[in-house]
Amino acid sequence: TEEAMSKMVAASRLWFAGFADACCLHRVVSLCLKSKKLSIRTGQCFLLNGFIFLGSILVLNLLVVPTLQWILPENCCQITSQDSCPFSGVLKLYSFLHFGLVQLLYVFWFYPLYIFSFILSAIWYGDIAKHGFAAMEGSPSTLEQPSSKNEAVALERKIETEKLVDLGGLMIGIGEQVYSILLLTFFFLEVYVLGFVPYIGKPLNILLLSWMYAYYCFEYKWNFTKVSLDKRLDFFESNWAFFAGFGNPCVLASFFFSPLVGYGVMAILFPLFVLTATSSRAEQAIFSERRKQRDAGIGRLPIFYAADTLSMWVLGFFSLESREQIREKKKQ
């Protein structure tokens, strides 16, 4: 029908708008030029994940493995030109040693390096988003020092008052963070499981991973601008095509590699997309595309429905358990 076609066109335009917005890497250069701290932290990410992590994999595949194959040949033709191989027992031993040495390299170097890189990169991504947001706003990331003792006392009282007033908001914020962690954990499990569905598993995997990476990228900005979780989810699900396009470059760049290489590529690119999301004018881009289509809405897509249901079930289970514990204590 004509209405379905107009929605497909609107969704396609929003997807391309999101894809183009993610690829605006000139904004990353602009932000790095404004902030020395941002440049240093981004450079550290490239050094750790690009030079050390991916460099180690490159050295393994191009130098270590060929050297081991030369020292410990696995095929008889590498030792003798005879048709019959009198060294079959030795070759089996060489093959076992070759396999064992490579696995030891993974266990004692690559997997610890992967865990170290994952934890440190997660910390650095937050710093990159913070410095990028400060550079975009044109404000220093540190507070100005008070010029006099009276100003220092007044500032201290103001901070204490704000702490008391904002205590309720803090508790709500903690609750939202817990719910957000559960939501994204269940969504990641959903992505993993759907990847095993025959025929449509891989396309679904790419689509869902695109949404997941897009949400992660924009979450830093929404945290700094103090957007509530309900508004985030509503905006994200109402503009699902835009965010599918935004997350697509990061996924496609790392999807077709082996898991370790894919992680390394993603770890290099992810901070760049965090910065493009931080400096993004997503609302303006979406509004502009809708005006071109005469406000042809594409409808809200409940992307997080399954993850939300499971998260609420878990939170409800813990709340019921805590209530039962309180009742038992009262009886005692």
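Using bins of under 30°, 30° to 60° and over 60° for the plane-to-plane angle, the ring pair Trp222/Phe236 lands in the perpendicular bin.
Ring centroid separation for the pair Phe243 and Phe235 comes in under the 6.0 Å cut-off.
Grouping the Ile, Leu, Val, Met, Phe, Trp and Tyr side chains by contacts below 4.5 angstrom, directly or via other members, places Leu47 with Val59. One hydrophobic cluster, built from ILVMFWY side chains closer than 4.5 Å, cannot hold both Phe196 and Phe188; they sit in different ones. By the criterion of side-chain heavy atoms lying less than 4.5 angstrom apart, applied directly or through intervening Ile, Leu, Val, Met, Phe, Trp or Tyr residues, Ile40 is not grouped with Ile123; the two fall into different hydrophobic clusters. A single hydrophobic cluster is seen to contain both Ile115 and Leu113, as judged by linkage of ILVMFWY side chains at heavy-atom distances under 4.5 Å, directly or through other members. Under the 4.5 Å side-chain heavy-atom criterion for grouping Ile, Leu, Val, Met, Phe, Trp and Tyr, Leu315 is not connected to Tyr305 through any hydrophobic cluster.
Contact record, Ala22 with Leu25: O-CD2, 4.0 Å, taken as the closest heavy-atom pair. Closest of all the heavy-atom pairs between Val274 and Ala129 is CG1-CB, 3.8 Å. Across every non-hydrogen atom of Tyr125 and Ala267, the tightest pair is OH-O, 3.1 Å. Thr278 approaches Met136 most closely through the heavy-atom pair O-SD, 3.1 Å. The minimum heavy-atom distance between Asp234 and Arg300, with the atom names listed, is OD1-NH1, 2.6 Å.
Taken to the nearest 0.5 Å, the NZ atom of Lys130 stands 11.5 Å off from the CG atom of Leu38. Distance check, rounded to the nearest 0.5 Å: CZ of Phe186 to CD1 of Ile181 gives 12.5 Å. In this structure, CZ on Phe257 lies 13.0 Å from CE on Met266, to the nearest 0.5 angstrom. Distance check: Met312 CE to Leu183 CG gives 10.5 Å after rounding to the nearest 0.5 Å. A distance of 10.0 Å separates CG in Leu60 from CG in Leu260, rounded to the nearest 0.5 Å. Put simply, CD1 on Ile303 and CG on Leu233 are 9.5 Å apart, with the number rounded to the nearest 0.5 Å.
We find that Lys37 and Asp127 are not joined by a salt bridge, their nearest charged nitrogen and carboxylate oxygen being 4.0 Å or further apart.
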inquiry  = As a quick check of understanding, evaluate side chain to side chain contact (heavy atoms under 4.5 Å, CB included) for Leu31 and Ser279, giving each step before the final call.
reply    = CA-CA 9 Å; Leu31 290 174; Ser279 58; 4.0 Å; yes
task = Dump the intermediate steps for side chain to side chain contact (heavy atoms under 4.5 Å, CB included) on Ser254 and Leu269, then the final yes or no.
result = CA-CA 9 Å; Ser254 58; Leu269 295 176; over 6 Å; no
query = Do Leu48 and Phe116 pass the side chain to side chain contact (heavy atoms under 4.5 Å, CB included) test, and can you show the C-alpha distance, the side-chain angles, and the key distance before you say yes or no?
reply = CA-CA 10 Å; Leu48 174 63; Phe116 176 74; 4.1 Å; yes
request  = Apply side chain to side chain contact (heavy atoms under 4.5 Å, CB included) to the pair Ser30 and Lys34, showing each step before the final yes or no.
outcome  = CA-CA 7 Å; Ser30 176; Lys34 290 179 182 179; 4.0 Å; yes
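Distance alone, capped at 3.5 Å, is enough to place a donor-acceptor pair between the Ser39 side chain and the Ser35 backbone. A donor-acceptor pair is defined here as one N or O able to donate and one able to accept, closer than 3.5 Å; such a pair exists between the side chain of Trp211 and the backbone of Trp240. Asp308 places no side-chain N or O within donor-acceptor distance of the main-chain N or O of Phe304, the cut-off being under 3.5 Å. Of the possible polar contacts, none joining the Asp21 side chain to the Ala17 backbone as a donor-acceptor pair under 3.5 Å is found. A distance-only check finds no donor-acceptor pair linking the side chain of Arg27 to the backbone of Leu275 [under 3.5 Å].
For residues 18-57, the ring pair (Phe, Tyr, Trp, His ring centres under 6.0 Å) pairs, not counting sequence neighbours, are Trp15-Phe19, Phe53-Tyr263.
Asn205 is linked by a side chain to side chain contact (heavy atoms under 4.5 Å, CB included) to Val191, Leu209, Phe255, counting only residues two or more places apart in sequence or in another chain. Evaluation of the side chain to side chain donor-acceptor pair (under 3.5 Å) rule for Ser311 yields no partner, not counting sequence neighbours. Partners of Glu190 according to the side chain to side chain donor-acceptor pair (under 3.5 Å) rule, which considers only residues two or more places apart in sequence or in another chain, do not exist here. Listed by chain and number, the residues in a side chain to side chain donor-acceptor pair (under 3.5 Å) with Thr276 amount to none (sequence neighbours excluded).
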Output side-chain donor-acceptor pairs under 3.5 Å for residues 212-220, partner residues at least two apart or in another chain, one line each.
from, atom 1, to, atom 2, distance (Å)
Glu219, OE2, Ser180, OG, 3.0

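Contact check for Leu101 versus Leu105: no side-chain heavy atoms found under the 4.5 Å cut-off. With contacts defined as side-chain heavy-atom distances shorter than 4.5 Å, the pair Ser121/Asn49 qualifies.
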